[in-house]
Peer 1: 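Here you go, one structure.
Start at 1 and go down the list; that is how both ligands and their atoms are numbered. Remember, predicted model here, so these are calculated numbers, not experimental data.
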Amino acid sequence: MTTGYTVEQLRAAAADAVRAPSLHNTQPWRFRLRDGGIELAVDPLRRLPATDPSGWGARIACGAALLNLRLSLAVAGTPATVRLRPYPGDPDVVARLVPDVPRRPSPAEQSLHGAIARRFSNRAPFWPDPVPADARWRLGEAARAEHCWLELVIGTSAVNAFAEIARSAHRVLERDPAYVTERTEWIRSEPSPDGVPTAAGGPQGEPQDLLPQRGFGGRNRAPGRDFEPEPLVAVLGSTGNTATDQIVAGQALQRVLLTATDAGLAVSMLSQPVEVPGAREALRLSLGRFGAPQMVMRIGFGQPGRATPRRPVGEVLDLPVVQA
Ligand SMILES: Cc1cc2nc3c(=O)[nH]c(=O)nc-3n(C[C@H](O)[C@H](O)[C@H](O)COP(=O)(O)O)c2cc1C
């Protein structure tokens, strides 16, 4: 067993971690080395006060980054033991990772790790082809492996009922000028290391759309380019809704996203019904589930797209200053 991680190992693992998704691509994380452990913390300067007043979204994003860290270290042969929220007095520290007994990575770890760089949010219409049963099963297994549940919304009436909840949550959010300002501020029409590029924003919403798209200034839609009539909607949930549960859910989200990528599937996220408390409870009740919905995903076969930019890894590392 090694005594501790090195700066080089931190840098390599953080380069994978920053590929995680985050609300508006804010990338709300910082990484550091402390007493041989890698620590991941929420970056308080990257909070979204209007969109994410409770910090839920930042914790989901950091949880997703944490799964990438774990996979990266495992694939390098230096797997980690993880403690979540290790310092009660410093709740921004999401996790501390210390070296476990070195071992060879499992095939699952290798394929999930291989999907990190290929994953991206695909907000364009998907092909109408249904997601095969074995892929659906794998997605549920991915959530369960990270102690969460994944509920697939199946059938026209269930999808319509979900869409009604999602649209009303979307309307509630869009009525808040501070929320709209924040969303608009994170749209990027010029190259930028953060925020949502208009090219990745998906097409503009149309009145006939079933699911509400968060507006990221996307292109106008060509006639006839409607969204798939019966999308596969999946709701990810956790057993509770503490800050720790949300970090657990972030790891499960990333495992589901990477599993989907590995299966050749495209995913977009829609979290409006999770962000509005009344809608979240209506969603939970409609699924007949205990615990808390943490994310909704639209899953299908998409057209090719590209990963969105990230800040250089050096900008998210807190390294000790070396005295000359
Ligand atoms: C907590 C959370 C909530 C999100 N909510 C939405 C959403 O409602 N609509 C959407 O299009 N994307 C949503 N996303 C996706 C982010 O916008 C996306 O991850 C980010 O722009 C980076 O792009 P990438 O996923 O292609 O890497 C969400 C992501 C996270 C982590």
Peer 1: Please compare S121, G195, P21 and report which has the shortest non-hydrogen distance to atom 25 (O) of ligand 1.
Peer 2: S121
Peer 1: Output, in order, the C-alpha distance, side-chain angles, deciding distance and verdict of side-chain contact (heavy atoms from CB on, under 4.5 Å) for L23 and E182.
Peer 2: CA-CA 11 Å; L23 251 177; E182 224 166 53; over 6 Å; no
Peer 1: For V196, counting its heavy atoms only, list the atoms of ligand 1 lying under 4.0 Å from any of them.
Peer 2: 21 (O)
Peer 1: Which pairs with one or both residues in residues 139-164 pass side chain to side chain donor-acceptor pair (under 3.5 Å), sequence neighbours excluded?
Peer 2: R70-E146, E141-R144, E146-R255, E151-R289, T156-E230, E164-R167
Peer 1: Does R310 approach ligand 1 within less than 4.0 angstrom via side chain, backbone, both or neither, non-hydrogen atoms only?
Peer 2: side chain
Peer 1: Quick one: does ligand 1 sit under 4.0 Å from the side chain of S22, the backbone, both or neither, non-hydrogen atoms only?
Peer 2: backbone
Peer 1: Quick check on contacts: which atoms of ligand 1 are under 4.0 angstrom from a heavy atom of L270?
Peer 2: 7 (C), 8 (O)
Peer 1: So, are E8 and R11 salt-bridged, with charged N and O less than 4.0 Å apart?
Peer 2: no
Peer 1: In this structure, does ligand 1 have an atom that sits under 4.0 Å from one of the heavy atoms of Q213?
Peer 2: no
Peer 1: Strictly under 4.0 Å, does any heavy atom of M295 approach an atom of ligand 1?
Peer 2: yes
Peer 1: For F216, which residues count as a ring pair (Phe, Tyr, Trp, His ring centres under 6.0 Å) partner, sequence neighbours excluded?
Peer 2: H24
Peer 1: With a heavy-atom distance limit of 4.0 Å, tell me whether N25 approaches ligand 1 through its side chain, its backbone, both, or neither.
Peer 2: both
Peer 1: For a quick test of reading the model, state the closest non-hydrogen atom pair linking A279 to A169 and the distance between them.
Peer 2: CB-CB, 3.8 Å
Peer 1: With a 4.0 Å cut-off on N to O distance, would you call D194 and R188 a salt bridge?
Peer 2: yes
Peer 1: Would you kindly specify which portion of M269 sits under 4.0 Å from ligand 1, judged on non-hydrogen atoms: side chain, backbone, both or neither?
Peer 2: both
